[in-house]
Amino acid sequence: MSPVPDKPTLDGLERKWAARWSADGTFTFDRTKRRAEIFSIDTPPPTVSGSLHMGSVFGYAQTDAIARYRRMRGDEVFYPMGWDDNGLPTERRVQNFYGVRCDPTIPYDPDAPIPDAPGDGQTPVSRQAFIELCHKLTAEDEQAFEHLWRTLGLSVDWSLTYATIDDRSRRVAQRAFLRNLARGEAYATDAPTLWDIDFQSAVAQAELEDREQQSAYHRVAFRGSAGPVFIETTRPELIPSCVALVANPDDDRYRPLVGGSVRTPLFDVEVPVHAHPLADPEKGSGIAMICTFGDTTDVTWWRELDLPVRTVIQRDGRFQATRPEWLATGPWEELAGKTAKQAKRRIVELLTESGDLEGEPRPITHPVKFFEKGDRPLEIVTSRQWYIRNGGRDDALRAALLARGEELRWHPPFMKVRYDHWVNGLNGDWLISRQRFFGVPIPVWYPVRDDGTVDHDEPIVPSEIDLPVDPSSDPAPGYDESQRGKPDGFIGDPDVMDTWATSSLSPQIACGWIDDDDLFERTFPMDLRPQGPEIIRTWLFSSVVRANFEHGSLPWRDTTINGWVLDPDRKKMSKSIGNVITPMPLLEEFGADAIRYWACRGAPGTDTAADKNVMKVGRRLAIKVLNVSKFVLGLGAGAGGEVTEALDRSMLAQLDAAVASATSALDAYDYTRALDAIETFFWHFCDDYVELVKGRAYNEGAGADSAKAALALALSTLQRALAPFLAYATEEAWSWWKDGSVHRQPWPSPTGIDGDPLVLDAAADALAQVRKAKTEAKVSLRAPVDEARVTDTAERIAALRHAESDLRDAGAIALLTLADGEPGVEVALAPAAP
RNA sequence: GGGCGAUUAGCUCAGUUGGUUAGAGCACCUGCAUGACGCGCAGGGGGUCGGGGGUUCGAAUCCCUCAUCGCCCACCA
């Protein structure tokens with residue numbers, strides 16, 4: 001306990017109590033508890049390579065309120081934090097920050113200088129040096145995040161922190177992958193893949209976004225035996241890639257052509273004309289050219305019509321330098337080495353000169369697929385990639401994963417349809433390999449045959465005990481490093497896994513799967529997955545996929561999906577608009593409790609504006625907690641005694657109702673409704689009950705004892721009920737009269753004291769009328785009243801009689817009369833003193 | 001094109017099975033030195049519940065439709 005200060009303040013509470021919680025191990029997880037006693041939370045590992053923003057604190061503060069509530073309910077809360085530091089965002093940040101670029105062909109030299117300060121330029125560094133820089137920068141970012149989380153007051157056990165690139169995570173990710181591989185759930189195949197030409201990597205369906213782009217239909221003539229056949233295309237530069245034309249089987253205009261062939265303009269390549277139901281008679285001219293590959297429909301046609309591959313665009317987005325073997329004639333040299341954009345411009349000129357372009361290109365706007373973090377449209381290239389089955393090609397698996405979605409308890413429930421839509425809309429398996437560097441390596445090697453060719457069909461895998469491995473620097477089992485790349489030797493798979501292939505295993509990483517069976521048994525499957533709505537299709541879904549394969553269960557029982565944070569004008573915050581609000585200045589201006597309050601006022605799943613006015617209200621509430629605690633303690637609350645007075649029992653009955661309402665709301669993860677119930681009662685308590693009872697409490701005797709006992713009970717209850725939200729102010733006020741942390745106290749249970757809620761309500765209403773009379777007369781609330789006459793229903797008057805003397809005290813009323821009748825209060829003020 | 005959510009006072013939001021005169025906070029206005037709180041306290045004004053239909057004795061609440069905002073999805077010829 002510490003003395004009540006003369007002037008309570010919120011300033012400095014974060015620093016004071018964060019240090020104390022850390023020193024006392026207030027939130028340390030006790031791993032001796034049984035599974036039934038534990039509440040485990042699969043905290044989202046934030047991407048540390050980004051800047052901190054309000055969205056970062058919003059969901060975490062809400063989850064922390066739940067965590068603190070569960071802890072007070074007696075659960076041992078398993079609440080680890082992770083950092084998502086692996087992957088492309090980190091690489092990009094490192095490239096920009098240090099001015100470097102990873103060149104895996106450079107051999108690692110431990111003595112080579114590597115930048116250690118911000119720089120610009122494109123200094124090439126070895127793969128290992130690049131990875132070291134990634135580790136270095138993320139370590140700094142992680143400190144900034146931890147500082148923010150500690151200031152905000154997250155009650156995580158910081159000794160349980162993991163990072164998605166650390167040894168433990170790499171071991172889990174590789175082990176899970178190898179088990180997927182052994183069971184046939186992971187496989188590699190050569191197939192057309194969406195490809196980002198800037199990042200030089202394949203990307204997955206979940207990472208796509210459509211962007212509206214300006215384009216134009218070009219009406220181009222193919223030569224048919226019975227005259228020209230016009231197609232309309234937005235990508236005329238792909239004419240050298242054309243492998244067929246396609247029309248709808250029911251389209252009478254083109255039926256005569258189907259089964260025959262036409263010749264491409266400029267290059268004079270003979271291509272067949274096919275029929276396929278996917279061809280839309282309404283689009284363009286109704287007959288389309290199929291190229292390998294212009295878009296994903298091309299891929300479908302190519303596969304279903306069994307067409308050849310004629311790729312001209314390389315992985316860097318440029319047309320290949322050498323003339324493709326299927327182009328016997330035509331102006332290939334005009335296109336070689338050009339980007340798709342440059343080639344389009346040139347080919348339009350060539351088509352115009354040859355007379356194969358009819359009319360002017362017709363401008364349109366249409367959606368084009370981009371990598372969500374990319375700058376140029378995706379191309380489709382054929383490459384060998386690793387996949388994990390996700391139901392995109394398998395109806396039984398899809399149904400099983402949809403059933404997992406049913407089994408999961410969603411808060412709020414409407415978020416579940418996003419999962420269903422995503423799973424139903426999958427059109428392929430999950431592509432997990434990335435041609436990048438800072439990630440978990442695909443843990444396989446391949447034998448090199450005696451002729452120097454690579455045997456991809458017989459991958460060499462490590463034993464689980466040796467994980468994590470890096471096939472780029474570790475030799476394959478049974479081989480010596482000197483055999484790397486040699487005939488009869490081996491090569492390592494050069495790819496890394498996508499970030500989601502690791503973070504989808506966050507429950508397994510956090511709970512110690514295989515590495516710590518004892519912990520795993522006590523924490524998995526977890527209780528709660530809190531997360532944002534935009535990553536249902538990635539993080540949530542992929543986590544369900546992995547747990548379904550590995551454990552035959554859900555990874556957790558419940559999921560809470562938080563809303564989106566909008567700017568004060570309810571616009572989406574984005575860097576380009578420049579309306580991004582950063583949390584640290586707000587934490588300093590209003591205090592952590594105010595920010596926590598703001599976050600918890602945002603209902604589950606509801607988009608919420610970053611509104612300073614709400615933070616101000618939270619700050620006011622926190623200050624009030626300090627002040628009313630000081631006052632109530634100054635009245636001598638807690639001196640013991642029995643609650644005998646009807647007014648006191650009435651207040652406690654109302655308090656019990658508020659707590660009961662908050663309890664059921666929190667059990668359903670509705671922290672907003674809980675906060676509202678307690679907050680509403682709290683102000684009623686301060687403004688009405690404390691005012692009515694303070695006179696009696698100053699006196700002595702049974703009435704005073706009753707008041708003091710009731711005040712102590714209420715104060716203890718309110719401090720505890722507000723603790724999940726106002727973590728600091730409640731802890732501070734609790735320390736003035738109790739030992740131990742309020743956050744380790746039991747959540748309030750009913751006081752068990754019967755009372756009639758009407759007594760306090762009737763007294764508060766009558767007091768309000770007396771106050772109104774004084775305010776309208778523009779006199780002090782302490783001004784004496786000669787006579788007040790309260791009339792009301794018999795029931796309310798009967799209730800009021802129990803609080804008659806308190807009302808007289810609080811209103812400074814000389815003569816108070818109560819009578820049945822029409823509701824009303826007549827107040828005769830004493831004449832003003834001269 | 002499809003889906004989900006939102007639309008209530010100037011602003012931010014409650015309003016949980018349809019039921020007396022639709023609530024709160026902020027802001028605004030008018031007051032008040034009061035045993036803690038002036039980062040306070042008391043009181044007040046302010047809303048045809050997005051528009052239009054419908055069901056019902058009765059609709060902010062249920063149904064249909066339209067509009068606006070946000071998010072998600074969709075095969076880009």
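Letters go in sequence order (proteins before strands), and every chain restarts at 1. For clarity, every value in this text was computed on a predicted model and none was experimentally measured.
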Asks: Categorize A/T233 for me: base, sugar-phosphate, or nothing, with a 4.0 angstrom heavy-atom threshold over every strand shown.
Replies: sugar-phosphate
Asks: Considering only residues two or more places apart or on different chains, which pairs with a residue in residues 598-623 of chain A satisfy ring pair (Phe, Tyr, Trp, His ring centres under 6.0 Å)?
Replies: A/F58-A/W598
Asks: How far does the P atom of B/A27 sit from the matching atom of B/U12, given to the nearest Å?
Replies: 15 Å
Asks: Rounded to whole angstrom units, what separation is found between the NE2 atom of A/H411 and the P atom of B/G5?
Replies: 17 Å
Asks: Taking the same atom, P, in B/U16 and in B/U34, what whole-Å distance lies between them?
Replies: 44 Å
Asks: Return the pairing partner of B/U48 with a 3.5 Å limit on both distances, Watson-Crick or G-U wobble; otherwise return none.
Replies: none
Asks: State the pairing partner of B/A74; accept Watson-Crick or G-U wobble contacts with both distances under 3.5 Å, and report none otherwise.
Replies: none
Asks: Would you indicate whether the side-chain heavy atoms of A/L378 and A/W195 approach each other to under 4.5 Å?
Replies: no
Asks: Take the angle between the ring planes of A/F681 and A/H684 and call it parallel below 30°, perpendicular above 60°, tilted in between.
Replies: perpendicular
Asks: Could you give the CD-to-P distance, from A/E534 to B/C71, as a whole number of Å?
Replies: 11 Å
Asks: Taking the C1' atom in each of B/C63 and B/C26, what is the distance between them to the nearest angstrom?
Replies: 36 Å
Asks: Can you check the distance between B/A74 and B/U21, where both ends of the measurement are the P atom (answer in whole Å)?
Replies: 50 Å
Asks: Picking from B/C41, B/C76, B/U12, which would you name as closest to the side chain of A/V614?
Replies: B/U12
Asks: So do A/Y669 and A/P604 actually touch side chain to side chain, heavy atoms under 4.5 Å?
Replies: no
Asks: Among residues 274-284 of chain A, which ones have heavy-atom contacts with RNA chain B below 4.0 Å?
Replies: A/L278, A/A279, A/D280, A/K283
Asks: Please list, for nucleotides 61-63 of chain B, all pairs of protein and nucleotide N/O atoms separated by less than 3.5 Å.
Replies:
none

Asks: Could I get a table of every N or O pair under 3.5 Å where one atom is in the protein and the other is in nucleotides 21-27 of chain B?
Replies:
unit_1, atom_1, unit_2, atom_2, d
B/C26, O2', A/N613, OD1, 3.3

Asks: Specify the separation, in whole Å, of atom CD of A/E588 and atom P of B/C39.
Replies: 21 Å
Asks: From CG of A/L566 over to C1' of B/C13, roughly how many Å is that when rounded to an integer?
Replies: 14 Å
Asks: Using a cut-off of 4.0 Å on non-hydrogen atoms, how would the nucleic acid contact of A/P533 be classed: base, sugar-phosphate, or nothing?
Replies: nothing
Asks: Are the side chains of A/V368 and A/D210 in touch, meaning some heavy atoms are under 4.5 Å apart?
Replies: no
Asks: Now, which nucleotide makes the Watson-Crick or G-U wobble pair with B/C11, with each of the two distances under 3.5 Å?
Replies: B/G25
Asks: If I pick the C1' atom on B/C71 and the same atom on B/C28, what distance separates them, to the nearest angstrom?
Replies: 35 Å
Asks: Determine, for nucleotides 28-38 of chain B in 5'-to-3' order, which nucleotides have protein heavy atoms under 4.0 Å from the base (write B), from only the sugar-phosphate (write S), or from neither (write -).
Replies: --SSS-BBBBS
Asks: Excluding sequence neighbours, so at least two apart, what forms salt bridge (Lys or Arg N to Asp or Glu O under 4.0 Å) with A/D688?
Replies: A/R771
Asks: For A/D210, answer base if it contacts any base atom (sugar-phosphate contacts may also be present), sugar-phosphate if it contacts only those atoms, and nothing otherwise; contact means non-hydrogen atoms under 4.0 Å.
Replies: base
Asks: Ignoring hydrogens and geometry beyond distance, is the side chain of A/R619 in donor-acceptor contact with the base of B/C39 at under 3.5 Å?
Replies: yes
